[in-house]
Amino acid sequence: MKKDSLNILPNGFYRRPNVLDVARDLLGKVLCTHIENQVCKGTIVEVEAYSGHNDQACHASNGKRTKRTEIMYRAGGCAYVYLCYGIHHLFNVVTNEEGIADAVLIRALEPLQGQQTMQDRLNSSNRMLTNGPGILAKSMGITTALNSSELSAANCIWIENGEPISEEQQVATTRIGVDYAGEDAYLPWRFYIKGNSWVSKK
DNA sequence: CGGCTGATTCGCT
DNA sequence: GCGAATCAGCCGC
């Protein structure tokens, strides 16, 4: 299949210094996978930002390094996929410069292409294919095998430009499932598109 | 080494 | 609304 390289987000998009800017700008962009010869695309409608600096919710908070978090210290533009609750694969985009462990969790998509493939991967008749971080990874075929993939290389996974989202359409609120992070659980670092029915519920 | 906890989701009570 | 599924990381013995 032909990929329009002009439409693929460059590394410079991810390597900006403020992870919150990158998170907000990812709303409206299009996440694409090309896995098992199937292409799936979906508009990003919900994200969360995590920062290695002063954020207890981040796996790499306070400079913590493990085999799992090492990927977050790389230069922006690569995928961080990890296993949650031993079952679900969660997809993040690494941001900022090398040595700074910032990342953006993709929490929900609005399907654009390959819905039948997504349905088949879920192996269920659930109509909401991508309204949560675990289920969207399953629908899109994302597993830890894609960990450390370079998004700008547009090999198996990449992100394309989409319709711009105005500031009025964005909502900033608290992140989900990070109660363990103390004060940082209240940071308004979750962003979603107002009124979009694919945003995960709470 | 055992036990606990999670950036979650699904199915049953 | 609660618990299971089930793995990486961490802490205590």
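Lettering follows sequence order; numbering is per chain, from 1. Just so it is clear, the structure is predicted and the values come from calculations on it, not from any experiment.
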From the set B:dT9, B:dT8, C:dC10, return the single nucleotide nearest to any side-chain atom of A:T66. C:dC10
Whether the A:S200 and A:R107 side chains hold a donor-acceptor pair (N or O, under 3.5 Å, no angle test) is what I'd like checked. yes
If you measure from the Lys or Arg side-chain nitrogens to the Asp or Glu carboxylate oxygens, is any gap between A:E98 and A:R74 under 4.0 Å? no
Mind calculating the distance between CG (A:L90) and C1' (B:dG6) to the nearest angstrom? 11 Å
At under 4.0 Å, does any side-chain N or O of A:R68 touch on OP1 or OP2 of C:dC7? no
By the 4.0 Å heavy-atom rule, please label A:R107 as base, sugar-phosphate, or nothing. sugar-phosphate
Has A:Q170 got more than 12 heavy atoms of other residues, nucleotides or ligands less than 6.0 Å from its CD? yes
Are A:V93 and A:I159 side-chain neighbours, meaning at least one heavy-atom pair lies under 4.5 Å? yes
Rounding to a whole Å, what distance do you find between A:Q56:CD and C:dC10:P? 13 Å
From C-beta outward on A:P133, which listed nucleotide comes closest to its side chain: C:dG9, C:dC7, B:dT8? B:dT8
Polar atom pairs between nucleotides 3-6 of chain C and protein, under 3.5 Å, N or O only, would you list them?
unit_1	atom_1	unit_2	atom_2	d
C:dT6	O2	A:Y85	O	3.2

Whole-Å distance between B:dT8 P and A:N92 CG? 11 Å
Between OH of A:Y80 and C1' of C:dG9 the distance, given in whole Å, is 11 Å
Atom CG of A:D179 and atom P of B:dT5 are separated, to the nearest Å, by 14 Å
Between C:dA8 (C1') and A:I71 (CD1): distance, integer Å: 16 Å
May I have the step-by-step check of side-chain contact (heavy atoms from CB on, under 4.5 Å) for A:H88 and A:L83, ending in yes or no? CA-CA 6 Å; A:H88 304 289; A:L83 202 57; 6.0 Å; no
Should the pair A:R175 and A:F191 be classed as cation-pi, given the thresholds of under 6.0 Å to the six-membered ring centre and 45° from the axis? no
Can you tell me the distance, in whole Å, between the OH atom of A:Y82 and the C1' atom of B:dT8? 9 Å
Can you tell me how far C1' of B:dG11 sits from CD1 of A:I135, to the nearest Å? 14 Å
Which nucleotide, in any strand shown, forms a Watson-Crick or G-U wobble pair with B:dG6, with both distances under 3.5 Å? C:dC7
For A:Y82 together with A:H59, are the ring centres under 6.0 Å from each other? yes
